[in-house]
Amino acid sequence: MLLLLVVAFPGLFASRGPLDADPLRVFLAPGHGGLLGTDQLGRDVWSRVVYGARYSVLIAVSATALGVLAGVLLGLVAGLGGRITDEVTARGLDVVAAFPAILLAIVLVTIVGPGIPTVIVALAIASVPRYARIVRAETHVVRRSAYVEQSVTFGLRRTTLVARHVLPHAVVSVPILATIGLGTSILAASSLSFIGLGPKPPSPEWGAMLADGRNYLQNAWWISVFPGVAIVLVVVSVSVVGRWLQRRFEHREHA
Amino acid sequence: MSATSARSHGPLRRRPAALAATALSVSAALVLAACSGGADAGTKASDSATPQAGGTLTWGVETEPVTLNPQLNGQDKTKLLLRNAYEQLLARQDDGTYVPWLASAYKVSDDELTYTFTLRDDVTFWDGEKLDAAAVVTNLKQQLNPKYNPYGAAGPLSHLKSATATDDRTVTLVLKEKYAPFLDYVGSLPLISPKSYAKADVQAGGPDIAGTGPFVLTKYVKGQELDFTKNKDYAWAPATAKHQGAAYLDALTYRFLPESSVRLGALQSGQVDVIEGVPGTQAAQFQKNGAFTYQTALNTGTPYSLYFNTLSGPTSDVKVREAFRDAVDLDAVLKSVYAGQRTRAWSAVSPEDPSFYDKSLEGTYGNDKDAANKLLDEAGWTGRDSDGYRTKDGKRLTITDYQSQPYVRDQRDTLLQAIQAQVKQNAGIDFDVQVVDSGVSDEHRAKNDYGTYDNSNTNPDGVDIEYHWLPADKGGFINLSNVTDPQLTTWLTAAQQTTDTAKRAEQYDALQQYVIKEKAYSFPLYEPEDQIAASSKVHGTGFRTYYQLPEGAYDVWLSK
């Protein structure tokens, strides 16, 4: 909740702009210059962490949404299509899944060029197999279930059948997976920025801030520690929410 | 493996700054009597003890060579590596005078058109070839071979009429016209074995390319390290060296550690014995610690500067260029980025070069926010967009700099970010800094599609000025402002054709006033310097006389 507020209204939380540099106020320790100190250009670390939430959350949410959309579609196509469509799609997904997600993203970003849209698309592509496989498997189960076969017998139209009966049952586990995937995406987005493939400086992206501060660890630890803490906190809380959803869901299943 | 991987860097060699021809070249004029040399050095290791032979030195360096061929490599920061293996005809002392090295004597005729070098008779390359007059002539002729060195023919050798081996030990060079910087160019060309030109990996360099140095290059692992072993037969050190005979160290390893924090940590934990490249913000921990020695020296040549593209984009307007310059409080920026450990630049020449440094430029421009805004208003950039940037006809005032990754060092990326913040806050200029690989930056340069180009170069004694301000097809390899003003060529030609230092300085001073103050073609930022931090058991590190780059490891020894 707090995270969403921060994303929507960063101005409420930080009085200074994230890009306001002041060469006279560099390397001020936390407390002496702003809540979390200032960085090598005299920018306020707290403001940058607050505004940085936007980048991380925007990238992660968009990438996950895109990944889910493509994954569900591919999963349905594979699950409902004929044997050949199914095989081709499934093997294609295997190939994508065989690459470590972050490596795939690095390759894509390197080819297309750094920037927020590329990072989103790269992370989305890397996450597609995860959703597509689940949906495909569930679709297989659902289409062979008695009620679907009955509907077919009753002559229900194919599109209606898919929309009303197959889809809702096949995608029940996707939101939970997506919530957990959100955490992974935030981490992956920060990693890409850390190695310079994310938003360009001076954007206050957490991974990029971490990378910036690395060279000053010995004299100004706060420049990189606080963005790091922010990443950990957000990833952990998103994952906790995801697991909680998962437990509730499993509970319901077993009840 | 090293050959192919290094060759993949081909595009880098297209970058004029990375040319063999930009290897140090300086005028024959006997200048710089006041060159301070080692006087800049901070804490000196106590070298009074007797040097001990033996041991292996590990040296952490920031920059990896794009090629190991010393004639094709233009990266100043890698000279300290290649210097161990490759040598040249003459050395220069701090006062600028030449002393023998591989040539035991040289003579310049009274009309300054004929240069005669007499070679030592005991020098051999490590592949067994003898260094004779024919070998030197081969080296020079190869620079003019466009397949080997595409830029060589346009450089100082364009003034060469003939090169002949008069006898086994005598090389005679005749010029077409007087060219003051010629002696330094020829005297400082690193020589390689004539057999090496036939090797498949001659462009990439490496162990196959034989030199005459005190160390033999034995192994290169890309991205990791460069290894040398002692050349036991070495007996031809220049007079500028601190000893004669073979080197003290048995073996030498340079490890490539581009991250400054990693480099510093490696030295502090004893994994390496010496490092170069210490960020200004970290210098204090070595300056005040008895377990280490810390030395610095300002580079020669042209300071790190921004060159405005005068051919296209908003920077073709002199008012925009002046406004950019005036919008920056450079003193404050340098103080913050480098913790006060770097020197501000004012002129097109380093203060290390006292004859040509134009002191009168100091304090005459910059840090005037109101003037900057007034200039931009006059230039028609009166609109403002939602991000606070100035606009004209709906177009944002964007000035792009493509920083070439292999040349980013000494926190220059942070420095440009600080300037980016200043010009935005003070004048509403969008200074778009992109760190890209060298291919991309070359491409933008070839298409003249950039706002500023950042560069520094260490060629001393006026050659740096020629490289920057002659027209591109007349030897201005790094004419990054794309200026073809005939006035500049007039000054430069006048300076080339005299060996009178005071007269040359007059021409160069006029040029500096013009390109920096009057036309704002370039914006000097800071004087690059080199730093060496070493564990206290390492002795004999220092800077090369006159040129001020870190010296190789020939004089270095380890106390037990």
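Letters A, B, ... are given to chains in the order of the sequence lines, protein chains preceding strands, and every chain is numbered from 1.
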If one checks every heavy atom of B/Leu264 against chain A at 4.5 Å, the contacting part turns out to be side chain

When the 4.5 angstrom heavy-atom criterion is applied to B/Gln405 and chain A, the contacting part is neither

Within residues 524-531 of chain B, the residues sitting under 4.5 Å from chain A by heavy atom, in sequence order, are none

Okay, B/Asp329 and chain A: the region with an atom under 4.5 Å from a heavy atom over there is neither

Cut-off 4.5 Å, heavy atoms of chain A, and the answer for B/Gln417 is both

For A/Tyr216, the ring-ring contact (aromatic ring centres under 6.0 Å, His included) test, sequence neighbours excluded, returns A/Phe27

message = Counting neighbours of OH on B/Tyr365 that are heavy atoms of other residues, nucleotides or ligands and sit closer than 6.0 Å, is the number greater than 12?
response = yes

Those residues at least two apart in sequence (or on a different chain) that pass salt bridge (Lys or Arg N to Asp or Glu O under 4.0 Å) with B/Lys288 are none

Checked A/Val26, A/Leu41, A/Leu217, A/Asp212 vs chain B; the most non-hydrogen pairs under 4.5 Å come from A/Leu41

B/Trp59 meets the ring-ring contact (aromatic ring centres under 6.0 Å, His included) criterion, sequence neighbours left out, with B/Tyr254

Max heavy-atom pairs within cutoff under 4.5 Å with chain A, candidates B/Val333, B/Thr414, B/Val337, goes to B/Thr414

Per-residue tally against chain B (heavy atom, under 4.5 Å) across A/Arg214, A/Arg43, A/Gln40 peaks at A/Arg214

